[in-house]
Amino acid sequence: MLVTSIYIRRLQIPFTETFAASYGTNTRKECILVSVETDTAVGHGECSALADPFYLEETVDTAWLVLQKYLLPALIGQRLDSPADIPARLAHVRGHKMAKAGVESAVWDAFAQSQQIALATALGGVQEEIAIGISLGLYAEEETLIKRVEEAVTAGYQRIKVKIAPGHDIAVVRAIREEFGAIALSVDANGAYTLRDIGVLKELDDYQLTMIEQPLAFDDLWDHAQLQPQLRTPICLDESIRSEADARKAIAMNACRIICVKPGRVGGLEEARKLVMTCERLCMPVWCGGMYETGVGRLAVMALASLKGITMASDLSPSARYFAEDIVEPPIACIRPGWLQVPDAVGLGASISWDRVDRYTIDRYRA
Ligand code: OSB
Ligand code: MG
């Protein structure tokens, strides 16, 4: 495959509701849509960096800059045998994993199209249906949260995850348990606690949570390894797993009992696939996380979620949970409550509505 040109668009799409977490509040999706033109096909990918550096360091601004200045020039005019070549071609640029993942997933789509196969098939996926869970934000009013959980349970989500933050934790979990009993429930702290909060974390341990996601610092494995033996509840690592190697280290240190994989966070689908295979070999349960992606990013995560090693419900909701209109057609929808179907059509498996993309585009650049 010869990369002939790459087009990037910066999008802003309104959310149907505001998402709040300990890393900040998002009222709209801001992202970069990457289109890679090759001699055989044009592929599309989404860079999942958020608007602000509150979840991880990267932002839409930093990704835009790094794509323009370093990543696109490194790929234009290059011949690739496989998308698996991309990480090595971009390895001279340190970090900036979400920027890399955006362009890499566009190459995966182009590759799948040129082979006339689905992206999931190109990645080696085997599961045709994906169990989904929902990630609910922080709500100022307990009443609103209870209503959201109720809707999610009714919609058939197979796991309910709620964001927590110091001062907004035990009461939240207790209220949900009182109202809904033994539903599969987990919490996500996005790194908002420290080992000094051991009291609260041990209290959470009494609520039969499926997992506590990223309780401690975003960049720390060691403290999680100190915490896990003190809890019965599995710790799930999100932010602090930035590569397949990090997953191996976390497993060796007993820093967690579950891992969440996001292609953007680990630098792309190839690294994510390696991570999932390593975890499968080491019997570590893995699920796919979400970053409020548009359909383009979401379809790539769905393809990843079709790997055999993904054994728990993933943070993947239908398009309608986030957007009045998604940029893919047809929008992503459940085949039955709590399940998404991995598309078997060629490439991403849906077409892009360019009218809508144009309407949401605030900046564009061609290399
Ligand atoms: O911590 O899993 C997270 C969204 C953006 C950044 C980090 C996280 C999230 C979510 C939402 O939890 C998942 C989704 O619904 O896409
Ligand atoms: Mg998380």
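For clarity, every value in this text was computed on a predicted model and none was experimentally measured. The analysis underlying the following values was restricted to heavy atoms, covering all of them including side chains, and did not include hydrogens, waters or symmetry mates. Both counts, for ligands and for their atoms, begin at 1 and track the order of listing.
Side-chain atoms of Asp220 and Ser240 form no donor-acceptor pair, as typed in the model, at a separation below 3.5 Å. Side-chain contact check for Arg366 and Ser5: at least one donor-acceptor pair (N or O, by modelled atom type) lies under 3.5 Å.
To the nearest 10 degrees, the angle centred on the Mg ion (ligand 2) between OD2 in Asp188 and OD2 in Asp238 reads 180°.
Remark: side-chain polar atoms of Gln228 are paired, donor with acceptor, to backbone N or O of Thr233 under 3.5 angstrom. Checking side-chain atoms of Lys100 against main-chain N and O of Leu90 turns up a donor-acceptor pair under 3.5 Å. Using modelled atom types, one side-chain atom of Gln214 and one backbone atom of Asp238 make a donor-acceptor pair closer than 3.5 Å.
With respect to atom 16 (O) of ligand 1, the closest heavy atom belonging to the protein is Tyr292 N, 2.9 Å. Atom 13 (C) of ligand 1 has its closest protein heavy atom at Gly290 O, 3.4 Å. Regarding atom 14 (C) of ligand 1, its nearest protein heavy-atom neighbour is Tyr322 OH, 3.2 Å. The protein atom (non-hydrogen) at minimum distance from atom 4 (C) of ligand 1 is Tyr23 OH, 3.2 Å.
Contact annotation for Phe19 and ligand 1: no heavy atom of the residue comes within less than 4.0 Å of the ligand. Only the side chain of Tyr55 comes within contact range of ligand 1, with a heavy atom under 4.0 Å; no backbone atom does. At a heavy-atom cutoff of 4.0 Å, ligand 1 is contacted by the side chain of Glu213 but not by its backbone.
The distance from ligand 1 to the heavy atoms of Asp188 drops below 4.0 Å at these ligand atoms: 1 (O), 2 (O), 3 (C). Near Asp238, the atoms of ligand 1 lying under 4.0 angstrom from a non-hydrogen atom of the residue are 1 (O), 2 (O), 3 (C). Within ligand 1, counting atoms from 1 as listed, the ones closer than 4.0 Å to a heavy atom of Lys262 are 1 (O), 2 (O), 3 (C), 7 (C), 8 (C). Interface atoms of ligand 1 facing Lys163, defined by a heavy-atom separation under 4.0 Å, are 1 (O), 2 (O), 3 (C), 8 (C), 9 (C), 10 (C), 12 (O). Below 4.0 Å from some heavy atom of Asn190 lie the following atoms of ligand 1, by number and element: 1 (O), 3 (C).
When all heavy atoms of Ser48 and Glu293 are compared, the closest pair comes out as CB-OE2, 4.3 Å. Heavy atoms only, all atoms of each residue included: Lys308 and Thr311 are closest at O-CG2, 4.1 Å.
Residue Glu213 approaches the Mg ion (ligand 2) most closely through its N/O/S atom OE2.
Within a 6.0 Å sphere centred on CD of Gln115, other residues, nucleotides and ligands contribute more than 12 heavy atoms. Taking a 6.0 Å sphere around OH of Tyr207, one finds it holds more than 12 heavy atoms contributed by other residues, nucleotides or ligands.
By the 30° and 60° cut-offs, the orientation of the rings of Tyr322 relative to Phe15 is tilted.
For ligand 1, the polar-atom distance check finds no N/O of Arg321 at less than 3.5 Å from any of the ligand's N/O atoms.
The closest approach between any non-hydrogen atom of Gln214 and ligand 1 is not below 4.0 Å.
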